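Here the structure is a predicted model, which is why all the values come from computation and not from measurement. Each chain gets a letter, A, B and so on, in the order the sequences are listed, and its residues count up from 1.
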2 protein chains.
Amino acid sequence: MAEPCCVPITTSQLSESEADTLASLLKALADPVRLRIVSIIANCGEACACDLPAVLGRSQPTVSHHLSLLVSAGILDREQRGKWAWFKLNRDRIGSITAALA
Amino acid sequence: MAEPCCVPITTSQLSESEADTLASLLKALADPVRLRIVSIIANCGEACACDLPAVLGRSQPTVSHHLSLLVSAGILDREQRGKWAWFKLNRDRIGSITAALA
DNA sequence: CAAACATATTGACATCGGTCGATATATCCG
DNA sequence: CGGATATATCGACCGATGTCAATATGTTTG
């Protein structure tokens with residue numbers, strides 16, 4: 001079960017700060033490149049940053065930017081393995097979004 | 001049950017165009033003012049545009065802009081009653097977002 | 001029709017956000 | 001240590017977006 005990081009939209013009226021919090025989380029997902037990153041990781045279980053620029057058709061700095069944004073939002077977890085960075089999905093965080101929209 | 005307007009993130013890998021579609025829908029929700037509009041309407045069942053500028057602390061043109069954006073995204077339905085515009089929530093559309101993130 | 005009121009559109013402005021090339025930092029390996 | 005490789009940061013560019021004042025459009029009513 002996801003943690004209640006966001007107040008559900010439909011059960012009580014969102015305050016300004018609650019709306020800000022949920023909006024930031026949604027913004028983190030609301031980009032095609034980031035959605036594809038999340039989708040890839042959700043399917044493969046994890047992904048190495050080194051493979052993503054080729055798959056996504058974006059430069060290494062751009063991919064790095066999106067990855068760190070997703071980590072900041074709590075959607076991905078980062079793990080350093082040697083010189084590679086691996087990422088996996090924080091499913092509770094996704095769950096908290098769907099819970100807020102339920 | 002919501003219509004499957006978006007492909008689930010976690011069950012198959014999103015194509016570029018599927019990611020574009022879902023991202024547009026998420027973008028429509030990913031704003032604090034729009035989230036508060038949706039929250040108000042979800043709780044009250046419906047809302048008149050005339051009441052929203054005061055509640056939201058935004059100008060009438062700004063509120064009108066957000067409302068038409070939400071209608072374009074299919075999240076709200078608009079109904080003209082005399083000179084007033086009333087809006088209600090398209091819950092299937094919200095459901096299709098949560099389904100895509102499930 | 002004309003006045004009054006509700007909503008939409010326009011235009012302008014400032015800020016945000018995605019992108020890349022260049023460069024810095026970090027890690028491994030010989 | 002020093003070269004090679006992986007990732008992050010910086011700086012710049014440009015299009016997208018939220019906002020409001022001014023104005024236009026549309027609807028009711030006298």
Is it the case that the side chain of [X] and the backbone of [Y] share a donor-acceptor pair, with hydrogens and angles ignored and the cut-off at 3.5 Å?
X     : Y     : result
B/S39 : B/L35 : no
A/Q80 : A/G82 : yes
B/R78 : B/A85 : no
A/K88 : A/E46 : no
A/S64 : A/P61 : no

Please report the distance, rounded to the nearest Å, between [atom1] in [X] and [atom2] in [N].
X     : N      : atom1 : atom2 : answer
B/D31 : C/dG17 : CG    : C1'   : 14 Å
A/D20 : C/dC16 : CG    : C1'   : 15 Å
B/D51 : C/dA6  : CG    : C1'   : 12 Å
A/W84 : C/dT27 : CH2   : P     : 13 Å
B/L52 : C/dA6  : CG    : P     : 13 Å
A/R36 : C/dG18 : CZ    : C1'   : 15 Å

With side chains defined as the heavy atoms from C-beta onward, is the minimum distance between [X] and [Y] less than 4.5 Å?
X     : Y     : value
B/I40 : B/L56 : yes
B/L67 : B/L52 : yes
B/V38 : B/R34 : no

For nucleotides 1-3 of chain D, which of its nitrogen or oxygen atoms have a protein nitrogen or oxygen under 3.5 Å away, and what is each distance?
none

*Tell me, which of residues 53-76 of chain A have any heavy atom that sits under 4.0 Å from an atom in DNA chain C?*
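Result for residues 53-76 of chain A: A/R58, A/S59, A/P61, A/T62, A/H65, A/H66, sorted by number.
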
*Describe the nucleic acid contact of A/R78 in one word from base, sugar-phosphate, nothing, applying a heavy-atom distance below 4.0 Å.*
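Contact class for A/R78: sugar-phosphate only.
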
*Taking only the side-chain heavy atoms of B/C48 (C-beta and beyond), determine which of D/dA6, D/dT17, C/dT7 contains the nearest atom.*
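Of all the options, the side chain of B/C48 is nearest to C/dT7.
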
*From D/dG18, D/dT5, D/dT7, pick the nucleotide closest to the side chain of A/K83?*
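Of the candidates, D/dT5 comes closest.
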
*asked:* Nearest heavy atom decides the nucleotide; on that basis, is A/A30 or A/R81 closer to the 5' end of DNA chain C?
replied: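 First, find each residue's nearest nucleotide; the 5'-ward one identifies A/A30.
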
_Just to verify, what does A/T62 make a side-chain contact (heavy atoms from CB on, under 4.5 Å) with, not counting sequence neighbours?_
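Result, side-chain contact (heavy atoms from CB on, under 4.5 Å) vs A/T62: A/R58, A/S59, A/H66.
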
